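Remember, it's a predicted structure, so these values are computed and weren't measured experimentally.
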Amino acid sequence: MPSGANDQFTRREFVRGAAAFTASAIAGGESIVAAKKNATPQAVTPSSGQPVPKRPLGKTGAQVSALAVGGYHLGSTKDQQEANELVAKALDAGITFFDNAWDYHQGLSEERLGTALQGKRDQAFVMTKVCTHGRGKDVAMQMLEQSLRRLQTDHLDLWQIHEVIYYNDPDLIFRPGGAAEALLEAKKQGKVRFIGFTGHKDPAIHLRMLAHDFPFDTVQMPLNAFDATFRSFETQVVPEATKRGIAVLGMKSLGGSGEMVRHGALTAQEGLQYAMSLPVATTISGMDSIEVLEQNLEVARGFQPMTAADMQALRDRVRIYAADGRYELFKTTKKYDGDVGREQHHYPTPQKLPA
Amino acid sequence: MRPFGKHAEVRISILGMGGHHLGDAQDEQTAVALVREAIDGGITFFDNCWEYHRGKSEVLLGKGLKGHRANVFLMTKVCTHGRDGSLAMQMLEESLHRLQTDHLDLWQAHGVVFENDPELFMRPGGAAEAMLKAKEQGKVRFLGFTGHKDPAIHLSMLHTGFPFDAVQMPLNAFDATFHSFQTQVLPELNRRGIAALGMKPMSGHGEPIQNGAITAEEALRYAMSLPVTTTITGMERPDILRQNLRIAQKFEPMVASEMRSLEDRVKDVAADGHFELYKVSLKFDNPEARMAHGFPLDLESAEVKEMVAAVQNTGHPYPEIPK
């Protein structure tokens, strides 16, 4: 998640506040609450002893945990000690996949993860992202060295191009001397095992990246019960990636801000269960406290996917809330687009756009 | 003049006068004069909509067309936004009354912008039934729909199989790069002989022109050079009307290479959609349409405050915003 995008709503808040939805803020909210009352809550089987299951990472031969710790929120923990504790607990529960990005909290997220993984690096699958935003290979290679240093490691398990969200990004990335060349170079040098890209905006842009027939090992995208009916990555990108054996990494299982949960359209559990039931290698979820980790582990330990019928029922139930994109603002507004990326593309900041 | 899709016997002007901006004219006299000058300049296609300025746009056009109705191709839009066909028929009567005519040349479903609109349109008792009935009754000659949001929604309207004669959509040099109607919807219309009506040649409010990314002449010529029946643009002042008439009267289509080079020139600024916010931002959703769909208006959010304030056609959304 780009810095600043979700500072106002932390996961911690909606763990506490999921039920405390106030109808006054949102006209029409009562119907959402009514829909929630009519919904059958998903039964969660007691699973405290079981680990988070592993899944194959596409055709790479590697295995990763079905739930992953998001790196942006790791930088929002209150101090290094809490980050250490969170990472240790996650590893104990069987989580191996740790997400990060070069620009999260100006490097703090990578530093926190690097410190928390001291002595435990070999138990983890470490991913970070490179933030060239259209700039070339040289910038990417410099960022890689910085990321490795902050993460206190000599290699990444996965290195992805961050925030591919503009229609000209595929051209910029694949131009001669562009970031795609850095991915190949880093892999050749043994500094990264696998390569991929990520973006939260538009399935069409993802498909254009995939059309380059580049040897991507992974592709990351927003996947949640709302996405299924609105500018859908699930219906447009997942089948293409799956067909080619490219591992799908899901993110934004609760819509990025968790607003869909706070407004009562679905529960945090339902949201995570749905995302993890898709044909994905892992679902990356932001967890900025032990409390949120524990809540996610309740769903992820010994995870059993929802049935196709249950998934369809949930899609149908939330469809009316999904149809205008208000719970997926990363697709419809500029407010999840990082300022650095916009600056590198010479776009005005959202504040300067016409109302 | 160009043929109206497969109805080649009907010919309309390559430039259409937008109805929303007509309601922005300084006063009634100016609006009436604008309509007359447009007719004199060769414009035959007049756009309007039941909800523009709460009916004022239709009333003004009705006055402007007095004595000239037979010489123009008159379109207005119905604003059911997913509601019942019976409401559509009431709106039709109101529109005819305001426009001082007994029939429309084209009646279109307005604001098809949400993923579930095609389903709501086609449902039993929905607006689709009303449209067919109006055509049968001879109150409208042709049927169509319009929307500014997403090519995928247009395609799913087309996949309903409803016999549309016309489809309206944003078409401009920026659209070629971003969420493109030109590449996704226009070929399908041409293939089916459905009249393609372009709108927003200047991207809605001319931001890229003020910004210097493109000139008004380039923008309008580009839009008119696409395989469309007409290009609808808002002209609320005589100088804008005259500028556009000049461009249209001496119009020679751009050659393909000229169009490509303009697309390439604006490609990078087009790639995030900031000149086409109507395609992405919720801010451009008409609050009336949101409420008709049962979508909430978050009155506390800055976006909705701006959205409500931006809806020049009402100032106070209809029906009343729930408190």
Side-chain angles (χ1 to χ4, degrees), chain A residues 22-32 35 134 165-172 201-205 208 226 228-232 235-236 259 263 265 319-335 337 341-342 344-355, chain B residues 82 113-117 119-120 149-153 174 176-180 183-184 203-207 210-211 267-275 277 279-285 287 289-291 293-307 309-310 320-323:
Chain A
T22 50
S24 62
I26 305 290
E30 281 172 31
S31 58
I32 303 185
I165 58 173
Y166 303 113
Y167 271 74
N168 57 349
D169 276 335
D171 290 351
L172 293 169
K201 188 62 78 185
D202 191 330
I205 300 173
R208 213 175 277 194
F226 292 70
T229 47
F230 184 82
R231 294 192 185 167
S232 177
T235 61
Q236 294 179 61
E259 208 163 39
H263 291 177
R319 186 172 170 222
I320 184 64
Y321 314 119
D324 68 336
R326 70 182 181 273
Y327 291 122
E328 293 193 282
L329 293 178
F330 44 86
K331 291 181 185 171
T332 52
T333 70
K334 310 286 175 215
K335 71 189 220 194
D337 305 350
R342 293 194 63 81
Q344 286 302 322
H345 280 79
H346 309 289
Y347 295 139
T349 58
Q351 294 75 24
K352 287 189 180 150
L353 293 177
Chain B
V113 297
F114 299 113
E115 303 283 325
N116 58 347
D117 272 331
E119 189 184 314
L120 293 171
K149 185 67 83 179
D150 193 330
I153 300 173
F174 300 88
T177 291
F178 184 82
H179 276 298
S180 178
T183 60
Q184 295 178 63
S203 306
H205 295 93
E207 283 95 358
Q210 288 143 27
N211 167 282
K267 186 179 144 211
D268 286 337
V269 289
D272 77 327
H274 77 273
F275 285 134
L277 291 177
K279 289 184 181 172
V280 283
S281 177
L282 302 184
K283 286 183 201 178
F284 282 72
D285 295 351
R290 289 190 61 83
M291 288 188 308
H293 276 79
F295 293 141
L297 299 181
D298 180 354
L299 300 179
E300 296 311 307
S301 100
E303 279 184 355
V304 169
K305 281 180 182 162
E306 287 169 26
M307 178 170 82
E320 293 286 297
I321 291 186
K323 292 289 184 289

J.: Taking C-beta and beyond as the side chain, do R231(A) and V280(B) meet within less than 4.5 Å on heavy atoms?
T.: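 They are in side-chain contact.
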J.: What part of D202(A) gets within 4.5 angstrom of chain B, counting heavy atoms only: side chain, backbone, both, or neither?
T.: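 Contact with chain B involves the side chain of D202(A) alone.
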J.: Considering all heavy atoms of both residues, which atom of K334(A) and which atom of G273(B) are nearest to each other, and what is their separation?
T.: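 Closest heavy-atom pair between K334(A) and G273(B): NZ-C, 4.1 Å.
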J.: Give the member of H293(B), H179(B), H205(B) that has the highest number of heavy-atom pairs under 4.5 Å with chain A.
T.: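 Counting heavy-atom pairs under 4.5 Å, the top option is H179(B).
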J.: Using non-hydrogen atoms only, which part of E119(B) is less than 4.5 Å away from chain A: side chain, backbone, both, or neither?
T.: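 When you check distances to chain A, only side chain atoms of E119(B) fall under 4.5 Å.
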J.: I want to check something: taking the side chain as every heavy atom from C-beta on, are K267(B) and Y167(A) in contact at a cut-off of under 4.5 Å?
T.: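 No, their side chains stay 4.5 Å or more apart.
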J.: If you define the side chain from C-beta out and look only at heavy atoms, does anything of D324(A) sit under 4.5 Å from R290(B)?
T.: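 Yes, side chains in contact.
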J.: Could you tell me which portion of T332(A) (side chain, backbone, both or neither) has an atom closer than 4.5 angstrom to a non-hydrogen atom of chain B?
T.: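 Both the backbone and the side chain of T332(A) come within 4.5 Å of chain B.
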J.: Report the residues that fulfil side-chain hydrogen bond (donor to acceptor under 3.5 Å, both in side chains) with K331(A), sequence neighbours left out, ordered by chain and then residue number.
T.: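 Result, side-chain hydrogen bond (donor to acceptor under 3.5 Å, both in side chains) vs K331(A): D227(A), E328(A).
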J.: Does any heavy atom of chain B fall under 4.5 Å from the side chain of K201(A), the backbone, both, or neither of them?
T.: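 It is neither, since no heavy atom gets under 4.5 Å.
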J.: Which heavy atom in F295(B) sits nearest to a heavy atom in I320(A), and how many Å separate them?
T.: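 The pair with the smallest heavy-atom distance is CE2-O, 3.1 Å.
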J.: CG/D337(A) to NE2/H274(B) distance, rounded to the nearest 0.5 angstrom?
T.: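 D337(A) atom CG to H274(B) atom NE2 measures 12.0 Å (nearest 0.5 Å).
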J.: Would you say the side-chain atoms of H345(A) and D268(B) include a donor-acceptor pair closer than 3.5 Å?
T.: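 D268(B) and H345(A) do not have a side-chain donor-acceptor pair below 3.5 Å.
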J.: Using the salt bridge (charged side-chain N to carboxylate O under 4.0 Å, His left out) criterion, which residues pair with R208(A)? Sequence neighbours excluded.
T.: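 Expected list: none.
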J.: I'd like to check E115(B) versus R319(A) (side-chain heavy atoms, cut-off strictly below 4.5 Å). Are they in contact?
T.: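 No - every pair of side-chain heavy atoms lies 4.5 Å or more apart.
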J.: Is the shortest side-chain heavy-atom distance between N168(A) and T177(B) below 4.5 Å?
T.: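 The answer is no, as the side chains (C-beta and beyond) never meet within the 4.5 Å cut-off.
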